[in-house]
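Just so it is clear, the values below take in all heavy atoms, side chains as well, and ignore hydrogens, waters and symmetry mates. Quick note on labels: first sequence line is chain A, next is B, and so on, each numbered from 1.
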There are 2 protein chains.
Amino acid sequence: MTKPPHAGSEGASAPLRSIPEASVARLAVYLRKLGEFAEEGADTVSSDELAAATGVNPAKLRKDLSYIGSYGIRGVGYEVAALVHQLERTLGLNHRQSVALVGIGNLGHALAGYGGFGGRGFPVTALFDVDPDLVGIHINGILVEHVRAIPQVCVDRGVTIGMIATPGQAAQGVCDLLVDAGVRCILNFAPTVLQVPGEVEVRKVDLAVELQVLAFHVARKHVAAAEQTVAVNGHPVNGAGGLLS
Amino acid sequence: MTKPPHAGSEGASAPLRSIPEASVARLAVYLRKLGEFAEEGADTVSSDELAAATGVNPAKLRKDLSYIGSYGIRGVGYEVAALVHQLERTLGLNHRQSVALVGIGNLGHALAGYGGFGGRGFPVTALFDVDPDLVGIHINGILVEHVRAIPQVCVDRGVTIGMIATPGQAAQGVCDLLVDAGVRCILNFAPTVLQVPGEVEVRKVDLAVELQVLAFHVARKHVAAAEQTVAVNGHPVNGAGGLLS
DNA sequence: AGTCGCTTGTGAAGGCGCGCACAAAGTTGC
DNA sequence: GCAACTTTGTGCGCGCCTTCACAAGCGACT
Ligand SMILES: NC(=O)c1ccc[n+]([C@@H]2O[C@H](COP(=O)([O-])OP(=O)(O)OC[C@H]3O[C@@H](n4cnc5c(N)ncnc54)[C@H](O)[C@@H]3O)[C@@H](O)[C@H]2O)c1
Ligand SMILES: NC(=O)c1ccc[n+]([C@@H]2O[C@H](COP(=O)([O-])OP(=O)(O)OC[C@H]3O[C@@H](n4cnc5c(N)ncnc54)[C@H](O)[C@@H]3O)[C@@H](O)[C@H]2O)c1
């Protein structure tokens, strides 16, 4: 299992051993920002520049990048094109990731119609629903098929990622279908905890929770403000702004 | 400032001093699940039950709940109704949180048309866009207004939370307008790091990043699978399934 | 060629969150 | 009323993540 750390030779295969989950999420952010820098014609970026642009601590950024190897040039910075290439390789974007979306309702329509996924290496290749009014229509040129076609279609099109945008009660059933069809990674928008075998990775996007976390902070600020109507705080805690995520 | 920990008396005001960010997010999940338990007629829930239903470690759950006070009954569990009440108070749901949504495109339509927000105490009371084809229409009975009306409308309707679903380039401008209008909490769907004053809280929902994190795991599994085509692993790492979030 | 300035990569420390394990406390049965 | 059982609340150790600070490395300028 644990091979000796045979660190970053430039080999074609992925030599990465283990990258902290939190870093992986940030690497994706760096990658997108690097794309913008490249469009603006930048050849190199320093960690400070990229850190400022992504709202991250520069040291953290360098450590994140160090997980994928030493591709920076001391005294200069990072060569944009090379770093993009390495990030794409690390994040698995050199292989096309075919995405299936189940539940073409309110949210599903928006996701299906969004061009940003395909443009970034995640072509949505299959859409599923149970509603007879939806099955048969096309969105962005993709046919909506019945849920019962999931096993067949997912295998045929090599789907690697499933997105679930059904109501909560239907999510587990849909999830089981996807897992049986060989999908090992699932992005879940339904407010449900999915039961999956250990080898399946689930990420959950829960907008209601996001709002409630914000509401909590509104309440806190409110209380704080009410308590210190007098004391004017000269306390710009965080100059840079974005803290987490 | 730091008063002695004058823990949870049953007073009407919020006596909470500081709750870890991660716990707050989970509290919201517990609250939703408790709602379902209540509908099923449950009077009390044990930490083990609720933990299983939300995919959380029971000890962690109890610790989370302990931040808001001691409302459990040893040997019995938690009284559902009382706990719901305390959670709502802690999360700031006893005050109505008026939400404004800017950018009524693909995603904005889905968000505006979603009943789940209003139903959970987050009525969307204002919609904004710049597209003349959108300004003037109604969605779910809410009028879409021009972005330039943000200052006026947000103040009039007491908006406390803003959601930004515009393209990335427009996000910062919209954000500035919201902040000037007194909005202190923002949920950002655009792939942009927003610059805000220290007292404003920003949360970012970045679907492209979610997909890329999944893609990374696909790649990892792929590599792992390719490396051990021989060794059949009898290693059900995580019986319970859901790991994080 | 040498020196100076700039930027990377990383060791180490600190903080935070997670989860075990157990004492405290309440309930049920007799 | 007492004992056995159930479940909460939490002290504590552990590991991950963040952040500081600095040595090592590279280029530019003279
Ligand atoms: N729309 C939003 O902005 C929003 C926000 C937060 C959360 N969500 C969550 O996202 C999910 C979808 O929301 P929505 O607004 O699109 O709901 P919706 O009711 O508009 O759409 C749900 C779709 O799922 C389909 N469906 C139902 N059962 C199915 C099944 N067994 N298999 C396949 N498809 C099935 C329905 O036909 C419908 O088209 C919900 O779980 C909701 O809680 C949505
Ligand atoms: N649709 C999705 O599924 C999805 C997924 C991931 C991320 N996103 C992000 O969400 C955002 C919105 O996506 P979308 O698909 O709805 O895009 P969209 O182009 O369909 O909608 C954007 C809307 O914003 C409006 N707009 C433009 N400039 C504005 C301004 N200055 N002020 C107010 N409104 C303005 C446009 O008129 C349009 O209605 C984008 O940043 C996108 O990257 C969307």
Exercise. Where the side chain of Gln97(A) meets the backbone of Gly92(A), is there a donor-acceptor pair that is under 3.5 Å apart?
Worked result: yes
Problem set entry | Leu178(B) to Gly162(B) - nearest heavy-atom pair and separation | CD1-CA, 4.3 Å
Seminar exercise, completed: Rounded to 10°, the angle between the first-five-pair and last-five-pair axes of the helix from dA1(C)-dT30(D) to dC30(C)-dG1(D) is 10°
Exercise. Closer to the 5' end of DNA chain D via nearest nucleotide, is it Ser23(A) or Arg74(B)?
Worked result: Arg74(B)
Problem set entry | Rounded distance in Å - CD (Glu21(B)) to C1' (dC18(C)) | 17 Å
Problem set entry | Which residue lies more 5' along DNA chain D, comparing Lys63(A) with Val45(B) via nearest heavy atoms | Val45(B)
Exercise. Once you round to the nearest 0.5 Å, how far does CG of Asp180(B) lie from CG of Asp176(B)?
Worked result: 6.5 Å
For this session: Before accepting this row, confirm whether a basic side-chain N of the pair Glu49(A)/Lys33(A) lies closer than 4.0 Å to the acidic partner's carboxylate O.
Result: no
Exercise. Hey, is the side chain of Asn57(A) poking within less than 4.0 Å of OP1 or OP2 on dC20(D), counting only N and O atoms?
Worked result: yes
Exercise. Does Val56(B) or Ile73(A) map to a spot on DNA chain C nearer the 5' end, using the closest nucleotide for each?
Worked result: Ile73(A)
Seminar exercise, completed: To the nearest angstrom, the CZ-C1' distance between Arg62(A) and dC6(C) comes to 11 Å
Exercise. Measuring from Lys63(A):NZ to Asn57(A):CG, what's the distance to the nearest 0.5 Å?
Worked result: 10.5 Å
Problem set entry | Minimum-distance nucleotide to Ser66(B) side chain [options: dG9(D), dC18(C), dT18(D)] | dG9(D)
Exercise. To the nearest angstrom, how far is Leu61(A) atom CG from dT7(C) atom C1'?
Worked result: 13 Å
Seminar exercise, completed: Considering only heavy side-chain atoms of Pro20(A), the closest of dG9(C), dT19(D), dC17(D) is dC17(D)
For this session: Send over the distance from Asp43(B) CG to dT7(D) P, rounded to a whole Å.
Result: 16 Å
Problem set entry | Protein-nucleotide distance (Tyr78(A), atom OH; dC6(C), atom C1'), rounded to Å | 13 Å
Seminar exercise, completed: note: Asp48(A), atom CG; dA21(D), atom P; distance rounded to Å ~ 15 Å
Exercise. Below 4.0 angstrom from OP1 or OP2 of dC18(C), is there any side-chain N or O of Arg26(B)?
Worked result: yes
Exercise. Once you round to the nearest 0.5 Å, how far does CG of Leu107(B) lie from CZ of Phe189(B)?
Worked result: 5.5 Å
Exercise. Can you tell me how far C1' of dC6(C) sits from CD of Glu49(A), to the nearest Å?
Worked result: 12 Å
Exercise. Out of dT7(D), dA21(D), dG27(D), which nucleotide sits closest to the side chain of Ala59(A)?
Worked result: dA21(D)
Exercise. Expressed in angstrom and rounded to an integer, what is the separation of Tyr67(B) atom OH from dC16(C) atom P?
Worked result: 11 Å
For this session: Could you tell me whether the phosphate oxygens of dT7(C), OP1 or OP2, come under 4.0 Å of any side-chain nitrogen or oxygen in Ser47(A)?
Result: no
Seminar exercise, completed: Looking only at heavy atoms, the pair that brings Val56(B) and Leu61(B) closest together is CG1-N, 4.1 Å
